[in-house]
Amino acid sequence: MAEGTEIDLVKYGVLWQKVQDMDKKVDKMERNVEELLALANKGKGGLWFGMTVVSGVSVVVGYFISIWKH
């Protein structure tokens, strides 16, 4: 082999371990992002349900106020 093209096995092993550690971190981050998306979707559903309830209550209150004024 030409000079300077030899692979240092210790450095290669350290690099390999760093890649493995980063792979684990990326997997963990992907799981966390999926959990955050699930929570956001639950929150979105809760928001629409809340808006529906508030709209219904306001219709009922408006109806009773219109009857009370006449």
Side-chain angles (χ1 to χ4, degrees):
M1 291 188 127
E3 191 174 318
T5 59
E6 294 179 15
I7 297 175
D8 184 0
L9 295 179
V10 174
K11 288 181 180 178
Y12 181 77
V14 169
L15 180 62
W16 181 262
Q17 185 60 44
K18 286 182 180 180
V19 170
Q20 294 298 316
D21 292 343
M22 291 180 88
D23 190 39
K24 289 176 186 177
K25 287 180 182 180
V26 168
D27 288 342
K28 186 177 179 181
M29 284 179 23
E30 286 176 349
R31 284 192 303 271
N32 288 338
V33 168
E34 288 173 1
E35 290 175 10
L36 286 172
L37 285 173
L39 287 173
N41 287 333
K42 285 181 184 178
K44 194 186 312 181
L47 173 70
W48 284 110
F49 178 74
M51 288 177 62
T52 303
V53 169
V54 169
S55 297
V57 169
S58 66
V59 167
V60 171
V61 169
Y63 176 74
F64 283 119
I65 287 175
S66 69
I67 292 175
W68 181 63
K69 283 188 172 183
H70 288 108

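In this chain, numbering begins with 1 at the start of the sequence shown.
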(request) Carefully, step by step, assess Asn32 and Glu35 under the rule side-chain contact (heavy atoms from CB on, under 4.5 Å). (result) CA-CA 5 Å; Asn32 288 338; Glu35 290 175 10; 4.1 Å; yes

(message) For the CG atom of Leu15 and the CG atom of Asp8, what is their distance to the nearest 0.5 Å?
(response) 11.0 Å

(request) State the CZ-CD distance between Arg31 and Glu34, to the nearest 0.5 angstrom. (result) 9.0 Å

Determine, using the 4.5 Å side-chain heavy-atom cutoff (strictly less than), whether [X] and [Y] are members of one ILVMFWY cluster.
{"X": "Val57", "Y": "Ile65", "result": "yes"}
{"X": "Trp16", "Y": "Val19", "result": "no"}
{"X": "Ile67", "Y": "Val59", "result": "no"}

